[in-house]
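Structure record follows, encoded as structure tokens.
Chain letters run A, B, ... following the sequence lines, proteins first, then strands; residues in each count from 1. Note that the structure is predicted; figures quoted are calculated from it, not measured.
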Protein chains: 2
Amino acid sequence: MGDRTEANPPGRYERILRDAGVRITRPRRIILTILADGGDHPDALEIFRRTAAIDPSISLSTVYRTMKLLEEKGAIQRHVFEGGPSRFERADGDHHDHLIDIESGEVVEFRSDRIEKLQEEIARELGYEIVSHRLELYGRKRQPD
Amino acid sequence: MGDRTEANPPGRYERILRDAGVRITRPRRIILTILADGGDHPDALEIFRRTAAIDPSISLSTVYRTMKLLEEKGAIQRHVFEGGPSRFERADGDHHDHLIDIESGEVVEFRSDRIEKLQEEIARELGYEIVSHRLELYGRKRQPD
DNA sequence: GTCTGTGCAAAAATTTTGCACCAGT
DNA sequence: ACTGGTGCAAAATTTTTGCACAGAC
């Protein structure tokens with residue numbers, strides 16, 4: 001999967017938000033930095049821990065409010081994997097789905113154009129147009145025997 | 001989709017549970033009846049409302065405990081659609097995925113062997129074996145133009 | 001009679017919100 | 001300055017749990 005940092009130059013989110021008429025405050029800038037840095041899928045509490053390490057005055061409410069805002073602006077995606085709380089990841093252009101390691105909680109990203117196509121076909125057959133979708137595989141590492 | 005009641009004769013769940021060494025109590029029997037009757041995807045509170053209509057002494061805790069039990073025994077499936085609480089449906093033999101109408105909340109079931117196969121392939125390529133999976137399409141009715 | 005299941009109330013976990021103050025533009 | 005954003009504490013929502021009693025086997 002590797003490094004995708006260059007896909008999110010610092011300020012990418014800032015631009016999205018500014019263009020939407022949203023103020024760039026200190027808490028928001030810090031949260032945005034954390035999201036841009038992370039290649040993972042942290043939940044609100046984890047993001048809060050990371051902001052707290054940088055500026056302990058930032059509240060959990062602000063984290064939640066910012067996540068909701070970013071989601072509405074299309075800057076991040078929210079995932080609710082089985083059982084757990086919402087987890088977030090930035091939304092670059094590239095759509096992908098998730099494979100969750102049920103033993104470690106690790107998330108592997110993947111993408112299948114064939115599956116995407118099939119989904120479209122199915123929706124059309126049922127008389128619907130897809131607005132969004134969610135495909136999650138839950139599995140464990142295969143033992144190389 | 002239509003009537004699937006015959007796929008769940010009364011007592012189907014009872015057998016599953018009895019075989020698992022679980023006692024068939026009055027609350028459980030009532031909850032099981034509700035699940036067997038419903039062709040829908042109620043959440044815990046809705047199930048509680050339905051049990052309350054039959055026997056108001058049944059508590060919400062018992063509903064939750066029973067749902068968890070049934071899930072563990074493989075008798076029902078839990079779904080967490082975007083935003084909302086867990087919703088449940090009985091697990092017959094037939095696996096299917098869900099298309100959720102984002103306007104009405106209605107759930108349409110579908111199944112695609114081709115998608116299932118592709119999922120297996122993808123997991124294998126990534127070095128995993130699938131334990132479970134979740135595919136949800138969120139969409140709106142297409143206007144017949 | 002034994003041991004699991006239940007109701008109740010309290011707690012836990014996650015997320016949202018009212019309000020007075022603060023800060024970005 | 002104006003307006004939207006923030007921290008805090010309290011509430012809302014969903015789910016779990018401790019405990020004493022009830023009920024299935």
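Of the charged side-chain nitrogens involved, none lies within less than 4.0 Å of a carboxylate oxygen, so that A:Arg78 and A:Glu72 do not count as a salt-bridged pair. By the 4.0 Å N-to-carboxylate-O rule, B:Arg134 lies close enough to B:Glu136 to be salt-bridged with it. No salt bridge links A:Asp40 with A:Arg90; every basic N to acidic carboxylate O contact stays at or beyond 4.0 Å. The residues A:Glu71 and A:Lys68 are annotated as not salt-bridged, no charged nitrogen and carboxylate oxygen being separated by less than 4.0 angstrom.
To the nearest 0.5 Å, the span separating CG on A:Leu118 from CD1 on B:Ile115 amounts to 5.0 Å. Here NE2 of B:His95 is found 6.0 Å from CZ of B:Arg111. Values are rounded to the nearest 0.5 Å.
Comparing the helix axis at one end of the helix from C:dG1-D:dC25 to C:dT25-D:dA1 with that at the other, each defined from 5 consecutive pairs, gives an inter-axis angle of 40° (nearest 10°).
As a whole-Å value, the separation of B:Arg29 CZ from D:dA24 C1' is 10 Å. As rounded to whole Å, 11 Å separates atom P of D:dG5 from atom CD of A:Glu72. To the nearest angstrom, P of D:dC25 lies 7 Å from CD1 of B:Ile24. Distance, B:Ile58 CD1 to C:dC8 P: 11 Å, rounded to whole Å. Atoms CE (B:Met67) and C1' (D:dT16) sit 15 Å apart, rounded to a whole Å. Atom-to-atom, CG of A:Leu32 to P of D:dG5 comes out at 13 Å; the value is rounded to the nearest Å.
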Show the distances under 3.5 angstrom between N or O atoms of the protein and N or O atoms of nucleotides 14-18 of chain C.
from: C:dT15; atom 1: OP1; to: A:Ser86; atom 2: N; distance (Å): 3.1
from: C:dT15; atom 1: OP1; to: A:Ser86; atom 2: OG; distance (Å): 3.1
from: C:dT15; atom 1: OP2; to: A:Tyr64; atom 2: OH; distance (Å): 2.7
from: C:dT16; atom 1: OP1; to: A:Lys68; atom 2: NZ; distance (Å): 2.8
from: C:dT17; atom 1: O4; to: A:Ser61; atom 2: OG; distance (Å): 3.2
from: C:dG18; atom 1: O6; to: A:Arg65; atom 2: NH1; distance (Å): 3.4

Provide a list of protein-nucleic acid N or O atom pairs under 3.5 angstrom, restricted to nucleotides 21-23 of chain C.
none

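Backbone-only engagement by B:Arg18 is indicated by non-hydrogen atom pairs under 4.0 Å involving sugar-phosphate atoms exclusively.
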Taking distance alone, no hydrogens or angles, what donor-acceptor pairs closer than 3.5 Å link side-chain atoms of residues 119-129 of chain A to residues at least two apart or in another chain?
from: A:Gln119; atom 1: OE1; to: A:His133; atom 2: ND1; distance (Å): 2.7
from: A:Gln119; atom 1: NE2; to: A:His133; atom 2: ND1; distance (Å): 3.3
from: A:Tyr128; atom 1: OH; to: B:Asp101; atom 2: OD2; distance (Å): 3.3

All N/O donor-acceptor pairs, side-chain side in residues 22-29 of chain A, below 3.5 Å, sequence neighbours left out:
from: A:Thr25; atom 1: OG1; to: A:Arg28; atom 2: N; distance (Å): 3.4
from: A:Arg26; atom 1: NE; to: A:Asp55; atom 2: OD2; distance (Å): 2.9
from: A:Arg26; atom 1: NH2; to: A:Asp55; atom 2: OD2; distance (Å): 3.3
from: A:Arg28; atom 1: NH1; to: A:Arg23; atom 2: O; distance (Å): 2.9

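Of the N and O atoms on the side chains of A:Glu109 and A:His41, at least one donor lies less than 3.5 Å from an acceptor on the other residue. For the residue pair B:His98/B:Glu89, the side-chain donor-acceptor check at 3.5 Å is satisfied.
At D:dT6, none of the side-chain N or O atoms of A:Arg26 fall inside 4.0 Å of OP1 or OP2 (strictly under the cut-off).
Toward the 5′ end of DNA chain D lies the nearest nucleotide of A:Val63, the other residue of the pair A:Val63 and B:Pro27 mapping further downstream.
B:Val80 shares a hydrophobic cluster with A:Val80; the chain of contacts runs through ILVMFWY side chains whose heavy atoms sit under 4.5 Å apart.
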